[in-house]
Colleague: 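Below is one structure. I have some questions about it.
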Amino acid sequence: MFETLSDRLDKVFTGLRGKGRLSDADIDATAREIRIALLEADVALPVVREFIAAVKDRARGSEVSQALNPAQQIIKIVNEELVGVLGGETRRIRYAKTSPTVIMLAGLQGAGKTTLAGKLGRWLKAQGHTPLLVACDLQRPNAVNQLSIVAGQAGVDVYAPQPGNGVGDPIAVARESIEHARRTMHDVVVVDTAGRLGIDAELMAQAAGIRDAVQPDETLFVVDAMIGQDAVTTAIAFQEGVGFSGVVLTKLDGDARGGAALSVRGVTGQPIMFASTGEKLVDFDVFHPERMASRILG
Ligand code: GDP
C-alpha cells in the first residue's frame, strides 16, 4: 500500500533538495507534481484540490521562501497536510456511560465486516472489555457460522438467532441482543450486519432498521481500501442511507494505491478509526493519522 505514492513524492522532494531559495514557479511546479502523485494514487479530486491549495498557500508564505532548506520545509508542510487529511488526531471509541456500548458495523458484502467483528472482539477483550458479537447478517447463508468461528478464535461470546428468537429477522435479533447483553453483563455489543455486492435500497433500509433498534454509540462504515474511487461513492451512499460515526479501512495489506485512505475522511467528514491489514485476527489496529502520514512519506 502507498508504495507508488511514496516513490512519487520522494522523487518530487529529491528534485527540490539541491535548491537554495524557491521561486513561485518552483512552488507551482512542485505542487503540480504532488497533484499528479495524489491523483495517480486514486485520491478523490475534491480532496486533491483542497490539499494542493493548502500546500501552495503555505509554501508561498514566508516559512518556505525564507527557509535555508526549502525542501525540508515543503516535506514538513506535506506531512502536516497529510496528517490533516487523514483526520489529525487518533479517534478512539466513545463508550456509552451506561453499558452496553453498541457498535454497529455496516458496509458492502466482502468488505470484511465479519472478520472485523472478530478482530474488534479480540481487541476489546484485550482492553479489558467483555464483548458480545451479534449475528445480524442473515442474508449470507454462512455468515452466522463464520461469525461464530471468529468469535471462537477471539475467545468472545456470540449471539445468533435461535429457533423462536427472530429467525430471519435481523432487526429482532439486534433488539434482543441488547437485552441479552444486559442480562449477561457484556459491556460492548458488536453488531454484524448484512452487506450486498452493490448498494441497494433494501440493504440500506435493513441497516437503518437495525440502527433504530439498537441505537448504536458508534456506527462503523467498513470499506475495502482496494476498491479505489468506489470507496468514496459507497461511503457517501452509506452516509446518506444509514449514517456512521467512524470508518474502518480493510485490506490495507493489498497493493492498492491508497486513495481510499486519503479520501474518505475528507469526503465524509468522519474519522478513520481502525485499520485491517490481513485475514488474521491480529492484523488489526487503531488508525493513527500521524503514523500513516510518516509511512507515506517514508
Ligand atoms: P463481509 O462480507 O463484509 O462480512 O466480509 P468478510 O469478513 O467475510 O471478508 C471477506 C474476505 O476478505 C474474507 O476472505 C476475509 O478473510 C478477507 N479479509 C477481511 N479483512 C481483510 C484484510 O484486512 N486483509 C485481507 N487481505 N483480507 C481480508
Side-chain angles (χ1 to χ4, degrees), residues 1-3 86 103-124 131-154 156 158-161 170 173-174 177 189-200 202-204 206-208 210-211 216 218-228 230-231 233-235 237-239 241-242 244 246-262 264 272-288 291-292 295:
M1 197 73 158
F2 292 123
E3 284 85 1
L86 291 166
I103 302 174
M104 172 173 153
L105 311 181
L108 295 181
Q109 183 176 318
K113 290 181 299 300
T114 306
T115 312
L116 173 70
K119 290 177 174 184
L120 261 180
R122 181 185 173 279
W123 181 85
L124 286 162
L132 177 70
L133 309 188
V134 179
C136 287
D137 180 355
L138 309 183
Q139 306 285 332
R140 202 153 53 90
N142 199 35
V144 175
N145 191 26
Q146 193 191 336
L147 188 73
S148 303
I149 292 170
V150 293
Q153 289 167 349
V156 301
V158 66
Y159 184 84
V173 174
S177 74
V189 177
V190 178
V191 183
D192 187 21
T193 66
R196 305 289 152 82
L197 291 173
I199 300 155
D200 71 35
E202 205 187 320
L203 157 74
M204 288 299 172
Q206 185 184 94
I210 294 175
R211 175 202 64 203
E218 298 279 13
T219 302
L220 302 182
F221 169 62
V222 185
V223 63
D224 177 345
M226 310 256 281
I227 65 175
D230 282 347
T233 356
T234 314
F238 273 85
Q239 193 168 38
V242 191
F244 53 84
V247 178
V248 181
L249 290 175
T250 63
K251 310 191 193 182
L252 278 178
D253 50 313
D255 59 358
R257 291 173 285 183
L262 285 162
V264 82
I272 303 168
M273 291 174 62
F274 295 99
S276 260
T277 50
E279 293 189 80
K280 293 201 281 304
L281 295 192
V282 291
D283 301 328
F284 170 77
D285 207 350
V286 171
F287 183 83
H288 298 289
R291 279 187 221 166
M292 186 57 92
R295 232 177 89 188

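Below, each value reflects all heavy atoms present in this structure, side chains not excepted, and no hydrogens, waters or symmetry copies. Just so you know, ligand 1 is whichever comes first in the structure, and atom 1 is the first atom listed for that ligand.
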Colleague: For atom 27 (N) of ligand 1, tell me which residue out of Met226, Glu279, Gln146, Lys119 has the closest non-hydrogen atom.
Modeller: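 Of the listed residues, Glu279 has the closest heavy atom.
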
Colleague: Would you compute the distance between atom CG of Leu203 and atom CG of Leu108 and round it to the nearest 0.5 angstrom?
Modeller: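 The CG atom of Leu203 sits 7.5 Å away from the CG atom of Leu108.
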
Colleague: Which atoms of ligand 1 sit under 4.0 Å from any heavy atom of Asp253?
Modeller: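 Ligand 1 atoms under the 4.0 Å threshold to Asp253: 22 (C), 23 (O), 24 (N), 25 (C), 26 (N).
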
Colleague: Could you tell me the separation between the CD1 atom of Ile272 and the CG atom of Leu220, rounded to the nearest 0.5 Å?
Modeller: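 Going from the CD1 atom of Ile272 to the CG atom of Leu220 covers 12.5 Å.
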
Colleague: Working to the nearest 0.5 angstrom, can you tell me the gap between Tyr159 OH and Cys136 SG?
Modeller: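 If we round to the nearest 0.5 Å, Tyr159:OH and Cys136:SG are 9.0 Å apart.
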
Colleague: Below 4.0 Å from ligand 1: does a non-hydrogen atom of Gly110 turn up there or not?
Modeller: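 So Gly110 counts as touching ligand 1.
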
Colleague: Mind telling me whether Trp123 and Phe284 have parallel, tilted or perpendicular rings, with 30° and 60° as the class edges?
Modeller: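 Aromatic pair Phe284/Trp123 classed perpendicular.
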
Colleague: Give the atoms of ligand 1, by number and element, whose distance to some non-hydrogen atom of Ala111 is under 4.0 Å.
Modeller: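 Near Ala111, meaning under 4.0 Å from one of its heavy atoms, ligand 1 has 3 (O), 5 (O).
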
Colleague: Kindly confirm or rule out an N or O of Gly112 lying under 3.5 angstrom from an N or O of ligand 1.
Modeller: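 Such a contact does occur with ligand 1.
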
Colleague: Is any N or O atom of Thr114, backbone or side chain, closer than 3.5 Å to an N or O atom of ligand 1?
Modeller: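 Yes: some nitrogen or oxygen of Thr114 is under 3.5 Å from one in ligand 1.
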
Colleague: Examine ligand 1 and decide if any of its atoms is less than 4.0 Å from a heavy atom belonging to Thr277.
Modeller: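 For ligand 1, residue contact (heavy atoms, under 4.0 Å) with Thr277 is present.
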
Colleague: Out of Leu147, Val158, Val156, Leu124, which one pairs with Val190 under the side-chain contact (heavy atoms from CB on, under 4.5 Å) rule?
Modeller: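 Of all the options given, the one that passes is Leu124.
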
Colleague: Does any part of the side chain of Leu249, heavy atoms only, come nearer than 4.5 Å to the side chain of Val223, both counted from C-beta?
Modeller: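 Side chain of Val223 against side chain of Leu249, heavy atoms only: contact under 4.5 Å found.
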
Colleague: With heavy atoms of Ser276 as the reference, note each atom of ligand 1 found under 4.0 Å away.
Modeller: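 So the answer, numbered in order with elements, is 23 (O).
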
Colleague: For the OG1 atom of Thr250 and the CG atom of Asp224, what is their distance to the nearest 0.5 Å?
Modeller: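 Between Thr250 OG1 and Asp224 CG, I get 4.5 Å after rounding to 0.5 Å.
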
Colleague: Hey, could you give me the NZ/CD distance between Lys119 and Glu279, rounded to the nearest 0.5 Å?
Modeller: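 Nearest 0.5 Å value for the NZ-CD distance: 8.0 Å.
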
Colleague: Starting from atom 19 (C) of ligand 1, what is the nearest protein heavy atom, named by residue and atom, and what distance separates them?
Modeller: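 That would be Thr115 OG1, 3.7 Å.
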
Colleague: Could you check atom 20 (N) of ligand 1 against the protein and tell me its nearest heavy-atom contact, residue, atom and distance included?
Modeller: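 Going by distance alone, atom 20 (N) of ligand 1 is nearest to Gly278 O, 4.0 Å.
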
Colleague: What residue and atom, counting heavy atoms only, is the protein's closest point to atom 11 (C) of ligand 1, and at what distance?
Modeller: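 Going atom by atom, the protein heavy atom closest to atom 11 (C) of ligand 1 ends up being Lys251 NZ, 4.1 Å.
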
Colleague: Gln109 versus ligand 1: do any nitrogen or oxygen atoms come within less than 3.5 Å of each other?
Modeller: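 N/O-N/O distance below 3.5 Å does not exist for this pair.
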
Colleague: When rounded to the nearest 0.5 angstrom, what distance separates CZ in Arg295 from CD in Glu3?
Modeller: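 Answer rounded to 0.5 Å: 8.0 Å.
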
Colleague: Measuring from non-hydrogen atoms of Gly195 to any atom of ligand 1, is the shortest distance under 4.0 Å?
Modeller: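 No heavy atom of Gly195 comes that close to ligand 1.
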
Colleague: Considering non-hydrogen atoms only, spot the tightest contact between Met104 and Val242 and give its length.
Modeller: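 Closest heavy-atom pair between Met104 and Val242: CE-CG1, 3.9 Å.
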
Colleague: Looking at Leu108, which atoms of ligand 1 are within less than 4.0 Å of one of its heavy atoms?
Modeller: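 Per the distance check, 3 (O).
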
Colleague: Give the atom numbers and elements of ligand 1 that come within less than 4.0 Å of a heavy atom of Lys113.
Modeller: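 Answer, ordered by atom number: 1 (P), 3 (O), 4 (O), 5 (O), 7 (O).
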
